[in-house]
Amino acid sequence: MAGIDHSLFDLTALDTLAYQDSPVHRLDARAKVLTVLVFVVVVASYDKYAVLVLLPLLLFPVSLLIMARLPIAFLLKRLALVAPFALLVGIFNPFFDQQVQLQLGGLAISGGWLSFLSIILRFTLTIGSVLVLIAVTSFPAICHALGRLGVPWTFVLQLLFLYRYIFVLGAEAERMVRARSLRSFHGRGNGLKVYAALLTQLLWRTLERARRLYRAMLSRCFSGRFRLLSTSRFGPKELLFVVGWSGYFILLRLGSDAAAVRGWLEGVF
Amino acid sequence: MHMADALLSPQVGGVLWGVTAGTVAYCSRRVRQLEDDSTVPMMGVMGAFIFAAQMINFSIPATGSSGHLGGGMILAILLGGPAAFLTIASVLLVQALFFADGGLLALGCNIFNLGFIPAFLVYPFLFKPLAGADPGRRRLFLACLVSAAVALQLGALGVVLETTFSGISALPLSSFLLVMQPIHLAIGLVEGVVTAVVVQLIRQQQPGLLQLASATPARPLFSWRRTALALLLVSLLVGGIGSWYASSQPDGLEWSVAKVIGGELDSTSSLIATLDNWQQRIAVLPDYDFASATADSSLWSSRFGTSLSGVLGATVSLTLIVGLGVLVRKRNQR
């Protein structure tokens with residue numbers, strides 16, 4: 001779990017987006033989770049040199065983005081923040097794979113560049129659709145959707161607890177860091193010793209909180225499951241959403257014989 | 001070092017999703033049937049602690065960089081295997097959704113690399129023997145350091161193998177390994193030191209907490225048959241149908257090995273040719289297809305061959321994984 005130094009701010013911002021209102025926001029969370037899963041699998045199933053045939057798939061995240069009136073700049077920034085790993089691995093493709101795969105007029109494009117472009121496009125599609133999903137569905141709704149789709153309730157409970165306390169403990173950690181930097185001159189006190197003390201302090205507070213929580217839950221007759229007043233249901237709209245989009249993805253996938261498209265392109269140019 | 005959807009094929013992603021889903025089901029059952037149900041809020045708050053702890057950094061002297069707590073090993077030491085696995089899985093799911101780390105298809109890989117490996121491989125088979133029943137200061141420190149470093153090395157290896165088997169990236173296996181492993185050795189050692197220091201402090205102040213992990217239930221709680229069946233079904237589906245859509249380009253590993261060996265080992269090429277010849281003869285399904293399918297190139301027979309190899313491959317891998325699981329369980333019961 002290396003490298004989560006993203007601030008709580010982004011989490012809160014996404015959370016705020018999820019509580020807005022639009023036709024997409026109002027859909028039952030199960031429909032959205034299922035459709036995004038189908039989408040991700042279809043994107044991953046394309047040939048490694050697929051570039052142009054992936055483009056029609058952009059319709060899904062983009063149309064949700066527009067229908068839900070999401071701020072595009074914010075999502076693009078999030079996307080750029082996590083890009084490095086996929087890009088770093090992908091950037092080597094043009095060097096290792098120099099076999100010419102595509103002739104565009106006088107321009108010869110090697111397989112490496114095609115697969116590099118493909119990796120960028122896959123990254124945008126898969127990560128973009130997940131960001132859109134979380135921006136149009138609240139996290140508790142996603143958890144309940146998972147539970148109703150068959151994920152064990154113990155795990156769903158764990159997700160709900162985790163989500164609730166990220167904000168609480170995150171704020172606590174932020175206060176600790178601020179207190180340390182206010183008392184630190186010339187970078188002194190930023191070493192391992194003070195760090196370990198801070199961390200252990202945070203751990204004690206966490207464990208103490210868990211104990212209080214447990215007592216509070218017991219005194220409210222906790223039986224191992226949250227009872228919910230469930231208002232959303234899987235109606236015809238949801239069915240249309242899942243079947244319509246999945247059908248679109250699968251038809252595109254079946255119709256996209258990479259060789260045929262390549263032949264067509266060579267005929268045009 | 002999160003695995004990313006963009007580098008993953010549905011076969012690799014699907015198989016690891018199956019493994020992870022089975023493990024989540026198993027761990028949920030184990031945790032629900034614990035005598036002490038205070039584990040549930042404990043897990044939730046500890047997951048949030050991992051998030052919060054990663055917001056605090058310390059500067060590493062003379063390097064200008066900074067380090068922080070990793071998470072997997074400390075959770076395993078405090079909560080024990082199953083609860084730690086569920087906690088890590090939940091942390092990774094939140095990361096995948098909110099921080100777009102990796103993506104949904106890669107979630108299975110990430111949970112396996114960062115959750116299954118520390119909780120079910122490194123903790124029972126490395127940390128416990130190293131630490132023993134009542135370790136001294138130095139021994140506990142060493143056990144934490146080594147386990148955290150090994151867990152991260154295995155995790156990085158997982159990323160490399162999953163990427164190579166998917167065949168989307170053209171990076172040869174050897175170069176990828178050379179990039180990933182040393183970096184993660186450095187990160188792992190830093191993580192190991194932090195884990196060791198924190199565990200040491202916990203033991204000084206509340207030694208009882210570290211015993212938490214030994215509270216395992218006495219009777220068997222879980223039907224292996226049902227989980228194995230579910231896992232088998234998923235893998236068969238993925239292997240059987242998914243393999244039609246696999247890339248017909250050479251597999252990334254074969255390709256990179258060919259590239260690496262091709263130029264440099266000319267003197268032994270006759271040996272390689274002989275070996276290759278032998279392998280073609282011995283293999284039941286050379287290049288994932290019936291040997292005869294090359295002659296009879298009708299779509300269905302080749303599809304059937306591909307499906308069959310997918311199904312066979314999935315079955316063999318699954319047997320290995322389930323075998324490992326049985327080993328882990330036997331060990332835990334002792």
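Residue numbers start from 1 in every chain, and the chains themselves are labelled A, B, ... in the order their sequence lines are given, proteins ahead of strands. In what follows, every heavy atom counts, from backbone to side chain, and hydrogens, waters and symmetry copies are set aside.
For B:L104, the parts sitting under 4.5 Å from any heavy atom of chain A are the backbone and the side chain alike. For chain B, the nearby part of A:L146 is the side chain; its heavy atoms alone come within less than 4.5 Å. At a 4.5 Å heavy-atom cutoff, the contact between B:A89 and chain A is made by backbone and side-chain atoms alike. If you measure heavy-atom distances from B:L8 to chain A, the contacts under 4.5 Å come from the backbone alone. Heavy atoms closer than 4.5 Å to chain B are found in the side chain of A:L198, but not in its backbone. Only the side chain of A:Y163 comes within contact range of chain B, with heavy atoms under 4.5 Å apart. Only the side chain of B:V193 comes within contact range of chain A, with at least one heavy atom under 4.5 Å from a heavy atom of that chain. With a 4.5 Å cut-off on non-hydrogen atoms, A:R215 does not touch chain B at all. Only the side chain of B:S175 comes within less than 4.5 Å of a heavy atom of chain A; its backbone N, CA, C and O stay farther away. In this structure, chain B has heavy atoms under 4.5 Å from both the backbone and the side chain of A:T206.
Minimum interatomic distance between B:L86 and A:Q158 (heavy atoms only, all atoms of both residues): O-CG, 4.1 Å. A:L202 and B:A52 get closest at one heavy-atom pair: CD2-CB, 4.0 Å. A pairwise comparison of heavy atoms in A:S45 and B:P10 identifies CA-CG, 3.5 Å as the closest pair. Taking every heavy atom of both residues into account, A:P152 and B:A25 meet most closely at CG-CA, 3.9 Å. Residues A:L162 and B:G47 approach most closely at CD1-C, 3.1 Å, considering heavy atoms. Contact detail for B:V45 and A:L169: the closest heavy-atom pair is O-CD1, 3.5 Å.
Note that CD1 of A:I166 is 13.5 Å distant from CZ of B:F49, once rounded to the nearest 0.5 Å. Note that CZ of A:F155 and CE of B:M43 are 8.5 Å apart. Values are rounded to the nearest 0.5 Å. For the atom pair CG (A:L159) and OG1 (B:T87), the distance works out to 10.5 Å, reported to the nearest 0.5 Å.
Checked against the 6.0 Å centroid criterion, the rings of A:F167 and B:F51 do not qualify as a close aromatic pair.
Only one option out of A:V41, A:L37, A:V130 pairs with B:L105 in a side-chain contact (heavy atoms from CB on, under 4.5 Å); it is A:V41.
Within the 4.5 Å cutoff, no side-chain heavy atoms of A:L125 are placed close to those of B:D5. Considering only heavy atoms from C-beta on, B:M42 comes within 4.5 Å of A:L207 through its side chain. Side-chain contact between A:F123 and B:L7 is absent, with no heavy-atom pair separated by less than 4.5 Å.
The greatest number of non-hydrogen atom pairs below 4.5 Å with chain B, out of A:T200, A:L79, A:V168, is found for A:T200. Most heavy-atom pairs under 4.5 Å with chain B, from the set A:I120, A:V177, A:V36, A:I119: that is A:I119.
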Residues 133-142 of chain A side chain polar contacts: donor-acceptor under 3.5 Å, at least two apart:
| from | atom 1 | to | atom 2 | distance (Å) |
| --- | --- | --- | --- | --- |
| A:T137 | OG1 | A:K32 | NZ | 3.4 |
| A:T137 | OG1 | A:L133 | O | 2.9 |
| A:S138 | OG | A:A141 | N | 3.3 |

Derivation of the side-chain contact (heavy atoms from CB on, under 4.5 Å) call for A:L203 and B:L78:
CA-CA 11 Å; A:L203 185 65; B:L78 280 175; 4.3 Å; yes
Take A:Y195 and B:V194, measure what side-chain contact (heavy atoms from CB on, under 4.5 Å) needs, and give me the verdict at the end.
CA-CA 9 Å; A:Y195 167 78; B:V194 173; 3.5 Å; yes
